[in-house]
Amino acid sequence: MVKDYKTDKGKVDENFCRDVYEIVKNIPEGKVCTYGIIARLIGKPQASRMVGRALKHLPESVNLPCHRVVNATGRLVPGWNEQSLLLNDEKVCFKSNGCVDMSLSLWDYEVILLK
DNA sequence: CAGATGACCGCAG
DNA sequence: TCTGCGGCCATCT
């Protein structure tokens, strides 16, 4: 197992990372989500960085569409060129500069709140 | 223990 | 939407 998300204090972000995985897994194809939104859904709008860090530490064994998670500006993950290919296959709208068109491809996360 | 780093966010221009 | 500045939080050095 990975040695992440655990500390000696016993009080860990197990519910935090778990919720992150659940949310990311619920992202439909052709849609993307931002770290801030995910962090807010969990209840920690300041933990946006932790979301990104958690995904990076995430092993490939886990089946998560982390490529559908981008930052607020629609910027893709630096150093991960494959992400653009995956999103392109998802029929996600891109801009000329290579950023995702948030207005069109942003996941309507409100549906999860209504449910 | 303090400083630097990072798959970031919000605000202002 | 993009850039610059400050802030937040956990990990690394």
Side-chain angles (χ1 to χ4, degrees):
Chain A
M1 293 299 286
V2 287
K3 50 187 161 57
D4 301 316
Y5 318 123
K6 70 179 185 64
T7 58
D8 302 307
K9 305 184 191 309
K11 182 173 187 225
V12 294
D13 305 287
E14 63 178 65
N15 56 343
F16 174 81
C17 64
R18 187 194 62 212
D19 290 339
V20 172
Y21 301 151
E22 289 298 310
I23 295 172
V24 174
K25 274 189 285 191
N26 279 279
I27 300 178
E29 299 182 0
K31 294 287 183 179
V32 296
C33 196
T34 71
Y35 299 98
I37 293 173
I38 296 175
R40 228 170 301 179
L41 290 173
I42 298 170
K44 299 184 179 185
Q46 276 72 16
S48 50
R49 306 192 70 142
M50 277 61 265
V51 177
R53 198 189 66 79
L55 293 175
K56 182 175 189 177
H57 276 243
L58 202 59
E60 300 177 358
S61 307
V62 184
N63 187 11
L64 283 181
C66 44
H67 57 268
R68 293 177 192 153
V69 183
V70 296
N71 59 4
T73 62
R75 195 75 168 82
L76 298 181
V77 177
W80 195 12
N81 189 20
E82 188 178 312
Q83 182 182 24
S84 58
L85 301 176
L86 292 170
L87 292 174
N88 187 19
D89 188 57
E90 300 277 338
K91 304 296 185 294
V92 177
C93 299
F94 274 86
K95 295 306 249 179
S96 305
N97 58 354
C99 294
V100 181
D101 193 333
M102 303 301 293
S103 305
L104 301 176
S105 301
L106 181 61
W107 176 41
D108 193 353
Y109 62 93
E110 297 179 352
V111 297
I112 214 176
L113 298 178
L114 299 176
K115 293 169 61 179

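Here the structure is a predicted model, which means the values were calculated and not measured.
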> Is there a residue in residues 80-89 of chain A whose heavy atoms reach under 4.0 Å of DNA chain B, and which residues are they?
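Within residues 80-89 of chain A, the residues near DNA chain B are W80(A).
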> Ignoring hydrogens and angles, write down the donor-acceptor pairs under 3.5 Å from the side chains of residues 75-85 of chain A, residues two or more places apart or on other chains.
unit_1: Q83(A); atom_1: OE1; unit_2: V77(A); atom_2: N; d: 2.6
unit_1: Q83(A); atom_1: NE2; unit_2: H67(A); atom_2: O; d: 2.9
unit_1: S84(A); atom_1: OG; unit_2: N81(A); atom_2: O; d: 2.7

> Starting at NE2 of H57(A) and ending at P of dG6(B), how long is that distance when rounded to a whole Å?
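After rounding, the reported distance stands at 12 Å.
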> Give the minimum heavy-atom separation between C33(A) and L106(A), together with the two atoms involved.
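Result for this residue pair: CA-CD1, 4.4 Å.
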> Determine whether a donor-acceptor pair (N or O, by modelled atom type, separation under 3.5 Å) exists between the side chain of S48(A) and the backbone of Y35(A).
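Judged by distance alone, no pair lies under 3.5 Å.
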> Who passes salt bridge (Lys or Arg N to Asp or Glu O under 4.0 Å) against R68(A), sequence neighbours left out?
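Testing R68(A) for salt bridge (Lys or Arg N to Asp or Glu O under 4.0 Å), a comparison that skips the adjacent residues, returns E90(A).
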> Looking at SG of C93(A) and CG of L87(A), how far apart are the two atoms once the value is rounded to the nearest 0.5 Å?
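Answer rounded to 0.5 Å: 11.0 Å.
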> Output every pair passing salt bridge (Lys or Arg N to Asp or Glu O under 4.0 Å) with a member in residues 94-107 of chain A, not counting sequence neighbours, ordered by first then second residue.
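Of all non-adjacent pairs touching residues 94-107 of chain A, those that pass salt bridge (Lys or Arg N to Asp or Glu O under 4.0 Å) are K95(A)-D101(A).
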> Rounded to the nearest Å, what distance is computed from the NZ atom of residue K44(A) to the C1' atom of nucleotide dC8(C)?
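These atoms are roughly 13 Å apart.
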> Quick one: list whatever passes side chain to side chain contact (heavy atoms under 4.5 Å, CB included) with D89(A), sequence neighbours left out.
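Per chain and number, D89(A) pairs via side chain to side chain contact (heavy atoms under 4.5 Å, CB included) with no residue.
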> Quick one: side chain to side chain contact (heavy atoms under 4.5 Å, CB included) partners of P28(A), sequence neighbours excluded?
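Only K31(A), W107(A) meet the side chain to side chain contact (heavy atoms under 4.5 Å, CB included) criterion with P28(A).
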> Report the stems of DNA chain B as range-with-range entries sorted by first number; a stem here is at least three consecutive pairs, Watson-Crick or G-U wobble, both distances under 3.5 Å, and write none if there are none.
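Stem list for DNA chain B: B:2-6 with C:9-13, B:8-13 with C:2-7.
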> Looking at residues at least two apart in the chain, or sitting in another chain, which of them share a side chain to side chain contact (heavy atoms under 4.5 Å, CB included) with D19(A)?
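Result, side chain to side chain contact (heavy atoms under 4.5 Å, CB included) vs D19(A): I42(A).
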> Nearest whole angstrom, please: distance from the P of dT11(C) to the CZ of R53(A).
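Rounded to the whole Å, the gap is 5 Å.
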> Could you run down nucleotides 8-13 of chain B 5' to 3' and tag each one B, S or - for protein heavy-atom contact under 4.0 Å?
BSS---
> When you look at L55(A) and L58(A), which way does the side chain to side chain contact (heavy atoms under 4.5 Å, CB included) test go after all the steps?
CA-CA 5 Å; L55(A) 293 175; L58(A) 202 59; 4.2 Å; yes
